[in-house]
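Per chain, numbering begins at 1; letters A, B, ... match sequence-line order.
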Protein chains: 2
Amino acid sequence: MTVATFNVNSIRARMPVLKAWVESAGPDIVALQETKVEDGSFPIADLEPTGYHVAIHGQKGYNGVAILSRVAPDEVHTGLGDPDFPEDCRVIRARFGELWVVGTYVPNGTKVGSEKFAYKLAWFERFGRLLRETVPAGTPAVWLGDINVAPTDEDVYEPDRHRGDVCFQPEEKEALARIVGEGWTDLFRHFTPGPGHYTFWEYTIPNGFKRNLGWRIDHVYANEALAGRCTACVVDRAPRSMERPSDHTPVVATFDLA
Amino acid sequence: MTVATFNVNSIRARMPVLKAWVESAGPDIVALQETKVEDGSFPIADLEPTGYHVAIHGQKGYNGVAILSRVAPDEVHTGLGDPDFPEDCRVIRARFGELWVVGTYVPNGTKVGSEKFAYKLAWFERFGRLLRETVPAGTPAVWLGDINVAPTDEDVYEPDRHRGDVCFQPEEKEALARIVGEGWTDLFRHFTPGPGHYTFWEYTIPNGFKRNLGWRIDHVYANEALAGRCTACVVDRAPRSMERPSDHTPVVATFDLA
DNA sequence: GCGCTAAACG
DNA sequence: CGTTTAGCGC
């Protein structure tokens, strides 16, 4: 069974790439981020031929998450569920039998020291609590999405040039590490050490993808009840090479749930 | 030899349609209108595979004309060349051996009685003088483009509903007729009488193209030295049916220049 | 760069 | 309806 994350940077703009990719890669479950569309305008009908079920949580123009799945989820929940946090459509959770899948689009933070940067740190804190409170101990769970943090120097090209950049600050890394430390395994890193493995290449850098000037900010984590079942976790660079690509590409984890 | 006119309503937005059409229809010369792009941004490189030569006269956002040709023109001139008229990129002239080709994007006029409407009438007058002064007597010439006048009741759907509309006013028809009267033949009408033959269908009318609620405002005229050589003049509706079409479609005239 | 939102124009 | 110009977000 495979579970994937893909920041599509607009579901409407990315329909050709997304459909081509799910049809060729055939993931069982796909968490999407930055769908950028209200639920009423999500192109569900366009996805119908693929046979995927679609759970959505979106808003106009920004953010937006979704979960596609070959099998219908048994339950779906959206949002942080906290009136102290704006409902900016960054969290969607679905249960498939015993398995919980939590998709997130972590706030970018925009600029170090900004209000949005503070919000990112607060959001991590609040999301960590949601994870603790909603993922039952002992039941398999995967948390995945655009995490907007490159955890180590190996997760961004030329790390010394990015010391001052958002998504690469100690506070962000620590906020993420506090959650990950509660029993989550970074599945890609479990299998593949070393630099040069990225999931996001900025549009603004000329030939950034070809030159592999990227960031590993899209992650798939498994909890202790599931991590041992993971047999592979890879970055699929194919969608980043297609016509009109997203700036991100999918990460796919394979599990042996026999 | 075929000469065509096509108001593309943005050369950038219309590249797929334009390329598909020139590759299938294979016209020798194509006058384009509403390219809407400065010369430096005209997608010449994108057209290179087609083998067409490109002469351009454009501005940012509005208007803009061009001439594509299988054979390179021997000379090209642009504009009305009159300091009393703004250089709004509506005229391009090219010579191919003995043959002169004059492409125009006539001002729309916007609203009857407006300043722009007055400009349209003045422009016609000034353009008529340009034609007289630049097309040598006795040498073959074609004048074509988006003329923005439906000359008769047969050139618009439900003419009685359009008596008050721009592009259908007596003053406009007379301004056009004064030029045409100096020896130009409306080639489409030379071959095809009757209503229902249009070159422009407004985007704003639901299913206007399917229901054929259109206007014949794109014309091809030949002078006395050329008209007798014309063997056909047709509206090619195919490009109006393609994905992301212009609101106009090409008119193609065929000449026997043996 | 390449998405998005708007308003202006035709 | 489908262009354009802008500004915004990442």
Side-chain angles (χ1 to χ4, degrees), chain A residues 7-18 32-38 41 58-64 88-90 105-112 114-117 119-120 146-149 165-168 200-210 213-215 217-218 240 242-248, chain B residues 7-15 17 33-38 41 58-64 105-112 114 116-117 120 146 148 165-167 200-210 213-215 217 240 242-248:
Chain A
N7 179 321
V8 290
N9 187 9
S10 166
I11 183 72
R12 285 176 292 196
R14 219 61 59 214
M15 280 307 283
V17 163
L18 177 63
L32 303 178
Q33 302 88 38
E34 287 206 80
T35 53
K36 296 188 178 180
V37 72
E38 289 169 307
S41 303
Q59 69 191 96
K60 199 175 169 180
Y62 301 99
N63 312 323
D88 51 2
C89 300
R90 298 181 177 278
Y105 174 51
V106 175
N108 171 282
T110 311
K111 204 167 172 291
V112 178
S114 69
E115 207 166 294
K116 286 179 178 175
F117 187 77
Y119 176 64
K120 180 178 191 171
D146 179 350
I147 307 301
N148 264 324
V149 175
D165 288 5
V166 77
C167 303
F168 202 54
F200 164 71
W201 299 263
E202 295 169 74
Y203 287 132
T204 41
I205 297 177
N207 295 310
F209 178 62
K210 277 191 191 167
L213 306 178
W215 298 65
I217 57 178
D218 301 271
R240 191 60 174 79
M242 296 181 191
E243 288 282 301
R244 296 194 80 209
S246 170
D247 40 6
H248 296 248
Chain B
N7 178 322
V8 290
N9 187 9
S10 167
I11 184 73
R12 285 176 292 197
R14 219 60 61 213
M15 280 306 283
V17 163
Q33 303 87 39
E34 287 205 81
T35 53
K36 295 188 178 180
V37 72
E38 287 167 309
S41 304
Q59 67 191 97
K60 199 174 168 182
Y62 300 100
N63 312 323
Y105 174 52
V106 175
N108 170 283
T110 312
K111 203 168 173 290
V112 178
S114 68
K116 287 179 178 176
F117 187 77
K120 179 178 191 171
D146 178 351
N148 264 323
D165 289 5
V166 78
C167 302
F200 164 70
W201 299 262
E202 295 168 72
Y203 287 131
T204 41
I205 297 178
N207 294 309
F209 178 62
K210 277 190 189 169
L213 306 178
W215 299 65
I217 58 179
R240 191 60 174 79
M242 296 180 191
E243 289 283 300
R244 298 194 77 208
S246 170
D247 41 4
H248 296 247

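- If you check D:dC1, D:dG9, C:dG3 against the side chain of B:T204, the one that comes closest is D:dC1.
- Looking at the side chain of B:K60, the nearest of the listed nucleotides D:dT5, D:dC10, D:dT3 is D:dT5.
- Across the protein-nucleic acid pair, B:K210 atom NZ and D:dC1 atom P stand 13 Å apart, rounded to whole Å.
- When the P atom of C:dC2 is taken as reference, atom CZ of A:R240 falls 9 Å away, rounded to whole Å.
- Computed from coordinates, the A:E34 CD to D:dC10 C1' distance equals 7 Å when rounded to whole Å.
- A:I217 has its side chain within reach of A:D146: a pair of non-hydrogen atoms, C-beta onward, lies under 4.5 Å apart.
- Contacts of A:K116 with the nucleic acid, taken as non-hydrogen atoms under 4.0 Å apart, involve only primed sugar atoms and P, OP1 or OP2.
- Between the side chains of B:E34 and B:N9, not a single donor N or O lies within less than 3.5 Å of an accepting N or O.
- Residue A:M15 contributes atom CE, which lies 16 Å from atom C1' of C:dG3 at whole-angstrom precision.
- To the nearest angstrom, C1' of D:dG9 lies 10 Å from CG of A:N63.
- Summary of the strand contacts: A:R12 and A:I205 both lie near DNA chain C, and taking for each the nucleotide with the nearest heavy atom, the more 5' one is attributed to A:I205.
- Between B:E202 atom CD and C:dC9 atom P there is a gap of 18 Å when expressed in whole angstrom units.
- Rounded to a whole Å, the OH atom of B:Y62 is 11 Å from the P atom of C:dA8.
- Between D:dG2 and B:S10, no contact under 4.0 Å exists linking OP1 or OP2 to a side-chain N or O.
- Atoms NZ and CG, from A:K111 and A:N108 in turn, are 13.0 Å apart once rounded to the nearest 0.5 Å.
- In this structure, the nucleotide among C:dG10, D:dC10, D:dT3 sitting nearest to the side chain of B:T110 is C:dG10.
- Side-chain nitrogen and oxygen atoms of A:R244 include at least one within less than 4.0 Å of the OP1 or OP2 phosphate oxygen of C:dG3.
- Residue order along DNA chain C, read from the 5' end via each residue's closest nucleotide, puts A:Y203 first among A:Y203 and B:N108.
- To the nearest 0.5 angstrom, A:R240 atom CZ is 6.0 Å from A:D247 atom CG.
- Here D:dG2 presents its C1' atom at 16 Å from CD1 of B:I11, a figure rounded to the nearest Å.
- Going from atom CZ of B:R244 over to atom CE of B:M15 covers 13.0 Å, rounded to the nearest 0.5 Å.
- Among the nucleotides C:dG3, D:dT3, D:dC10, the one closest to any side-chain atom of B:R14 is D:dT3.
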